[in-house]
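Computed from a prediction, not measured in an experiment: that's the story for all the values here. Residue numbering restarts at 1 for every chain, and letters A, B, ... go by the order of the sequence lines.
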Amino acid sequence: MRYFPLSTNQHQRSFLSSLAPNSTFLKTLCSNGRLKEALLEMAVQGLQVEFQEYDTVLNECVSQRAVREGQRVHAHITKTCYHPPLYLWTRLIVFYTKCDFLADARKVLDEMTLRNVVSWTAMISAYSQRGHTSEALNLFIQMLRSGTEPNEFTFATVLTSCIGPEGFYLGRQIHSFVLKRNFESHIFVGSSLLDMYAKVGRIHEARGVFECLPERDVVSCTAILSGYAQLGFDEEALELFRRLQNEGMVPNYVTYASLLTALSGLAALDLGKQVHSRTLRFKLPSYVVLQNSLIDMYSKCGKLTYSRRIFDSMIERTVISWNAMIVGYSKHGMGREVVELFDFMNLENKVKPNSVTFLAVLSGCSHGGMEDKGLEIFNEMTEGKYGTKPEMVHYGCVVDLLGRSGRVDEAFDFINKMPFKATAAIWGSLLGACRVHSNVDIGEVAGKRLLEIEPENAGNYVILSNLYASVGRWEDVRTIREFMKEKVVVKEPGRSWIEIDQILHTFHASDRSHPRREEVRTKLKELFVKFKEVGYVPDLSCVLFDVDEEQKEKILLNHSEKLALAFGLITTSEGSSIRVIKNLRICVDCHNFAKIFSKVYGREVSLRDKTRFHRIVDGICSCGDYW
DNA sequence: ATAGGGTTAG
């Protein structure tokens with residue numbers, strides 16, 4: 001092997017050309033990656049450089065991401081060519097977009113006197129891929145106005161920019177374009193189209209497009225699968241995955257990541273483990289995205305040690321890896337670990353915390369008994385220490401932090417001084433604090449504001465009524481109940497489930513479909529009597545229906561989490577822990593019930609709420625009775 | 001010369 005000195009001369013020229021007799025000297029230099037010398041050669045040749053040679057040099061600049069060299073080629077072209085061909089300009093656009101110089105790319109496009117579908121699409125794609133959705137859409141419209149006919153590439157890329165309500169409006173119009181040109185069955189366009197529908201929440205339309213595809217591949221299958229998973233149709237996602245696999249789909253790491261999202265939602269630990277071992281068997285473990293979703297899956301199944309093991313084994317971590325792990329600790333009320341990991345993240349200083357990180361850290365501090373630390377971090381954020389300014393949600397966390405440490409008045413002041421108008425979530429958090437710290441005056445204000453914003457949410461009435469009941473204001477309890485009757489819309493019925501031998505058993509207050517339902521009810525009645533003997537008092541203020549006390553007890557006994565707990569007791573071996581998941585917030589009475597349950601039977605109960613975990617051991621809950 | 005699916009939070 002012979003190495004050449006940096007400068008070029010006639011001798012090398014003939015030698016290099018002899019290596020590849022059909023190509024020019026410039027092309028040969030490029031194919032050897034010797035870009036600097038190619039530029040020198042270009043300068044020497046001046047006007048004699050041919051268009052295809054510029055093309056080759058620019059191509060090499062793209063693959064080396066050589067910004068300055070590419071800019072020099074651009075300057076050279078401008079100086080020496082009278083009428084450069086279209087494809088050369090387009091190559092320049094591609095070069096600039098690949099180097100993240102979008103403004104320069106756009107300038108080239110704007111200055112072109114003649115554009116074709118490729119030059120437009122290259123620019124639209126650059127905007128889309130970087131999330132500049134409105135620029136992408138505007139450019140697409142400009143393209144249509146100019147009379148250029150979009151092709152399958154254009155449709156596939158522009159549809160990824162159709163996000164949110166306006167995106168749906170435009171996306172639907174694009175869909176009709178696509179239909180007219182008969183591109184709906186094109187696999188790239190079709191996947192993009194169905195993904196668009198899924199992302200704006202139109203899962204039926206998405207499924208329709210998917211079912212009409214004449215052929216499918218992993219990408220289109222993963223798109224529809226992740227659509228179901230992201231919209232929370234977890235069972236449907238799982239079922240679809242099984243069907244597609246039977247039909248011959250070969251999943252890849254993206255497919256598994258999406259599937260794991262559904263399994264996280266279901267807290268289906270056994271299935272999650274199966275997916276994990278399959279990815280190991282297929283040697284897929286080093287994809288960060290996949291590891292991130294494994295961390296999340298284990299954490300949402302209550303297995304934080306498994307999550308941490310994956311986290312620690314990672315060679316490369318993104319901000320999502322850190323967030324997933326911190327969120328895990330946060331939801332388990334492990335404040336010390338939250339702060340420890342956050343400090344470690346800043347110390348390592350490889351990835352910067354973002355808005356999600358702070359959300360997890362602040363709420364983790366709040367739920368994990370680290371209120372002062374949380375307030376300190378919020379103040380540091382405000383001072384600009386992290387380069388991320390607090391947003392609305394972070395202000396909400398502060399209300400929670402203050403409320404939890406009993407500083408309800410301060411929390412109220414804080415809300416009044418915020419640069420935002422308080423949301424329902426913020427008033428809700430203040431109301432929660434008032435319930436725990438029995439502050440009726442502020443609680444009343446918070447409750448009324450909350451009912452103004454969210455009159456349809458039944459949970460709000462329950463908490464306010466709990467508060468009135470706790471100080472014996474029965475008249476107000478009654479008023480609230482009357483008020484509720486007119487306004488409440490039942491959005492989501494409460495349901496709980498438990499995984500036994502890879503099967504999810506779901507319970508629902510009014511549903512009689514579980515095969516062992518009667519057995520469960522008998523067991524539950526037995527527990528009710530037994531627990532009352534050791535001090536359990538049903539908290540009737542958790543029932544807002546206007547019925548007599550005996551009826552109220554019956555209603556409480558029928559709550560789905562109690563059914564799932566009783567089923568767990570029947571079906572699992574003595575002393576083993578029980579994992580129950582509930583789709584809504586757990587009520588005070590069920591919480592008490594679970595605490596006594598854990599004490600009487602010596603079982604660890606892990607109860608996953610809509611927002612967090614309650615790990616109950618020997619009658620004591622990790623949430624500290626504040627949630 | 002231009003194209004589709006992904007992980008955290010809410």
Side-chain angles (χ1 to χ4, degrees), chain A residues 55 58-59 62 85-95 97-98 115-126 128-129 143 150-160 183 186-196 198-199 206 209-210 213 216-227 229-230 232 251-261 264 287-297 299-300 307 310-311 317-328 330-331 353-364 391-394 396-397 423 425 610-611:
Chain A
D55 198 45
L58 274 172
N59 196 18
V62 170
L86 187 59
Y87 72 82
L88 202 50
W89 289 126
T90 311
R91 180 68 95 179
L92 271 170
I93 293 176
V94 173
F95 157 73
T97 57
K98 292 274 154 66
R115 306 174 191 116
N116 67 1
V117 60
V118 183
S119 35
W120 285 106
T121 306
M123 195 67 231
I124 293 171
S125 152
S128 288
Q129 283 171 4
M143 171 184 177
N151 64 12
E152 62 275 36
F153 290 74
T154 325
F155 287 123
T157 198
V158 76
L159 281 165
T160 64
F183 280 137
H186 185 282
I187 190 139
F188 278 56
V189 180
S191 320
S192 200
L193 192 58
L194 78 86
D195 191 56
M196 181 275 293
K199 289 220 167 77
V209 175
F210 180 72
L213 282 177
R216 294 166 183 169
D217 61 4
V218 214
V219 178
S220 50
C221 292
T222 307
I224 188 71
L225 194 70
S226 83
Q230 272 160 8
N252 63 16
Y253 77 103
V254 182
T255 323
Y256 285 123
S258 299
L259 176 63
L260 282 167
T261 305
S264 299
Y287 291 106
V288 178
V289 170
L290 185 55
Q291 289 177 311
N292 291 347
S293 44
L294 282 169
I295 290 176
D296 185 53
M297 183 275 293
S299 138
K300 292 212 169 104
S307 300
I310 294 170
F311 180 83
R317 298 184 192 110
T318 61
V319 67
I320 294 179
S321 326
W322 290 94
N323 291 352
M325 198 65 233
I326 295 174
V327 165
S330 164
K331 294 204 166 182
N354 64 11
S355 143
V356 177
T357 320
F358 287 108
L359 184 62
V361 170
L362 294 175
S363 72
E391 296 156 26
M392 174 67 115
V393 282
H394 305 118
C397 289
T423 57
K610 185 171 188 163
T611 54

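Counting non-hydrogen atoms under 4.0 angstrom, A:Tyr253 reaches a base of the nucleic acid. At a threshold of 4.0 angstrom between heavy atoms, the contacts of A:Lys610 with the nucleic acid are absent. Using a 4.0 Å heavy-atom criterion, one finds that A:Thr255 contacts the bases of the nucleic acid, with or without backbone contacts as well. Heavy atoms of A:Val218 sit under 4.0 angstrom from at least one base atom. Among the protein residues, A:Asn354 comes within range of no part of the nucleic acid, since none of its heavy atoms lies under 4.0 Å from any strand. Among the heavy atoms of the strands lying under 4.0 Å from A:Ile187 is at least one base atom, whether or not backbone atoms are also near. Residue A:Asp217 is classed as a base contact, given a heavy-atom separation below 4.0 Å to a base. At the heavy-atom level, A:Asp55 lies nowhere under 4.0 Å from the strands shown. Within the nucleic acid shown, A:Thr90 comes within 4.0 Å of at least one base atom, counting heavy atoms only. Among the heavy atoms of the strands, none lies under 4.0 Å from A:Glu391. At a threshold of 4.0 angstrom between heavy atoms, the contacts of A:Ser220 include nucleobase atoms, whether or not backbone atoms are also involved.
With A:Ser192 contributing its side chain and A:Phe188 its backbone, the two residues share no donor-acceptor pair below 3.5 Å. Although no hydrogens or angles enter the test, the distance criterion places no donor-acceptor pair under 3.5 Å between the side chain of A:Asp195 and the main chain of A:Ala198. Of the possible polar contacts, none joining the A:Ser330 side chain to the A:Ile326 backbone as a donor-acceptor pair under 3.5 Å is found.
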Self-check item: A:Asn323 and A:Asn292: CA distance, side-chain angles, deciding distance, side chain to side chain donor-acceptor pair (under 3.5 Å) verdict
Solution: CA-CA 9 Å; A:Asn323 291 352; A:Asn292 291 347; over 6 Å; no
Practice problem: Let me see the working for A:Thr255 and A:Thr222 under side chain to side chain donor-acceptor pair (under 3.5 Å), right down to the final yes or no. | Solution: CA-CA 5 Å; A:Thr255 323; A:Thr222 307; 3.0 Å; yes
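Of all nucleotides in DNA chain B, those with any atom nearer than 4.0 Å to a heavy atom of chain A start and finish, going 5' to 3', at B:dA1 to B:dG10.
Between A:Tyr287 and A:Tyr253, the ring planes are parallel. Angles under 30° get that label, and only those over 60° would be called perpendicular.
In this structure, a donor-acceptor pair under 3.5 Å is present between the side chains of A:Thr154 and A:Thr121.
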